[in-house]
Number of protein chains: 2
Amino acid sequence: MEKVERAAIKVAQTLESEILSGALSDGSNLPTERQLLDRFCTSRTVIREAIALLDSRGYLITKPRHRPIVRRPGFDSAFSVVRNAASQLLTDAQGLRNLFETRIFMEKALVRHLALHARRDDIVQLKAALEANKQCIDNSEAFYQTDIAFHRVLYRAMNNPIYVSIHETYILWLKQRWQQMPDCQQRNQRNYDEHTLIYQAILERDAEQAEKIMGQHLENSWQDVKMTFELIRQETKISEAATGEASLLID
Amino acid sequence: MEKVERAAIKVAQTLESEILSGALSDGSNLPTERQLLDRFCTSRTVIREAIALLDSRGYLITKPRHRPIVRRPGFDSAFSVVRNAASQLLTDAQGLRNLFETRIFMEKALVRHLALHARRDDIVQLKAALEANKQCIDNSEAFYQTDIAFHRVLYRAMNNPIYVSIHETYILWLKQRWQQMPDCQQRNQRNYDEHTLIYQAILERDAEQAEKIMGQHLENSWQDVKMTFELIRQETKISEAATGEASLLID
DNA sequence: AAAGAAATTTGGTCCTACCAAAATTGGGCC
DNA sequence: GGCCCAATTTTGGTAGGACCAAATTTCTTT
């Protein structure tokens, strides 16, 4: 179509189609830059630019001094791109709340759906996840993992990989927040209890109840997240005050 | 933290923080590469790499032979990144269905929410969108726009910009499909009727009914989308057959 | 003051070179 | 033969210079 197309884009498109067609198989290494340079009869600049492009679109995963690894993109890679793009929005309290709100909305809808349409197997998995969750109440790290696993069952039950990717993205976004939360066995217990109530509501096919409990559950979680947020604000305030003093001294 | 960090990343981070702080104001041009080169005491290679990075993360919009334009990212830019990343998945029938399924799920949940919590203003906007929709039944292009506008009201009613971005992304993904649909006034009429039923259900605060109609509405839409998909498949089949004949002739 | 021509700047591409980190090779040892 | 460690080669990251065509700016002309 367009004759004036940047060279890197053409190379990237060629490689992209080879990745999609399987000529470059998933998980294998990309040829070295000098090999590609040779093959495409172009400069290393262009090759490296093309690699950067493919990386940004999720066709490759690159580590600083290593050969790029080919990755046939799925929905997860699509979402891995948003992760970076939105990362900055998570430092803003309102942005994070907006995001968390969509999660609440999503999971409320999920449990409603499950309460109405859960199959036997879904129930079994939920039960198992709940049990694993119970075993870890006294271990915050392990509890966090099983907590995630419990929620993941909800997404998985949709039988559509996109939901799983969405869940993983939420987790990734919230991970840094969780790492700043203090250990609190009481919180674990509360979360477990709420999980149990959700499970029971689904078991009893009570969509209203399931949705309601999930709403409460996640609003409670939000309070935890918000708390870490305010902790940080206090810290920065303190450090600002400190630098303020320093500047006074300088004056 | 890490002493072994790629130079381009450091430059990108510096520029990123300047964009976020407003030192580089939204809409303004980035300094020329040579100016940046001078400022950061590094090679043009690194500068260009940093620019590519910022571009891929939505902090800049670049046109081939022009200065990059600074863009303070919002949720929409975050989603604009997914648009590219997922575009290839839309050529796969299963991928598109998975995507459409999430839209159905989302909008069913939206109308349920609206039926339960719509405020007077939301109703007014829905009514207006519906009326505009009605006026365009005989004009597919205009109908398409008002159709989108009607659904957009649902997302907007959540008072959270993320929902709007999600909607825009769905629209963008499906746009190319719609462009391949044949004009069909009958289809417009059907869609309008369904919109009306949804509106009425919300008006009557009948969440179940609203959700049900929305489900039917979007499943019908899916049939339209799917149809365009099969049209393409037939065409490629035909062209393949043609090339097959050609090769026979060559033999 | 507006329009057009000339000069300058800038982005895209190419090349060469260097260094440190990986990958590969080659021994030497068990 | 198989395994581990050192020497060697290859490779990715960065620097810096060069060239061209497209953009931009400056200057001239009307």
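Since we're looking at a predicted model, the values are computed, not measured. Residue numbers begin at 1 in each chain, while the letters A, B, ... track the order of the sequences.
- In this structure, B:Phe100 CZ and B:Phe105 CZ are separated by 15.5 Å, a value rounded to the nearest 0.5 Å.
- Whole-Å rounding puts the B:His66 NE2 to C:dT9 C1' distance at 14 Å.
- Going from atom CZ of A:Arg71 over to atom OG of A:Ser25 covers 15.0 Å, rounded to the nearest 0.5 Å.
- If you take CD1 of A:Ile47 and C1' of D:dG12, they are 14 Å apart, rounded to a whole angstrom.
- Put simply, CD1 on B:Ile47 and CG on B:Leu36 are 5.0 Å apart, with the number rounded to the nearest 0.5 Å.
- A close approach under 4.0 Å does occur between a side-chain nitrogen or oxygen of A:Thr42 and OP1 or OP2 of C:dC14.
- Summarising the geometry, the separation between CZ on B:Arg44 and P on D:dA15 is reported as 13 Å, rounded to the nearest angstrom.
- In this structure, A:Thr32 reaches the sugar-phosphate backbone alone: every heavy-atom distance under 4.0 Å involves primed, P, OP1 or OP2 atoms, never a base.
- Atom pair A:Arg34:CZ and C:dC14:C1' shows a separation of 15 Å (rounding to whole Å applied).
- Atom pair B:Leu37:CG and C:dG11:C1' shows a separation of 13 Å (rounding to whole Å applied).
- For the OP1/OP2 pair of D:dG13 and a distance below 4.0 Å, the side-chain nitrogens and oxygens of A:Arg48 include at least one atom meeting the criterion.
- The nearest whole Å value for the distance from the CG atom in A:Leu36 to the C1' atom in D:dG12 is 13 Å.
- Of the candidates C:dC18, C:dA22, D:dT14, D:dT14 carries the atom nearest the B:Val46 side chain, counting heavy atoms from C-beta on.
- With hydrogens and angles left out, the side-chain atoms of B:Tyr155 and B:Glu107 include a donor and acceptor closer than 3.5 Å.
- Of the candidate nucleotides D:dT14, C:dC15, C:dG11, D:dT14 has the atom lying nearest to any side-chain atom of B:Ser43.
- For A:Phe40 and C:dC14, the CZ to P distance is 13 Å, given to the nearest whole Å.
- Residue-to-nucleotide contacts include no donor-acceptor pair under 3.5 Å from the side chain of B:Arg67 to the base of C:dG11.
- Between the NZ atom of A:Lys63 and the C1' atom of C:dA23 there is a distance of 13 Å, given to the nearest Å.
- Looking at A:Arg39 and A:Gln35, their side chains never come closer than 4.5 Å, going by heavy atoms from C-beta outward.
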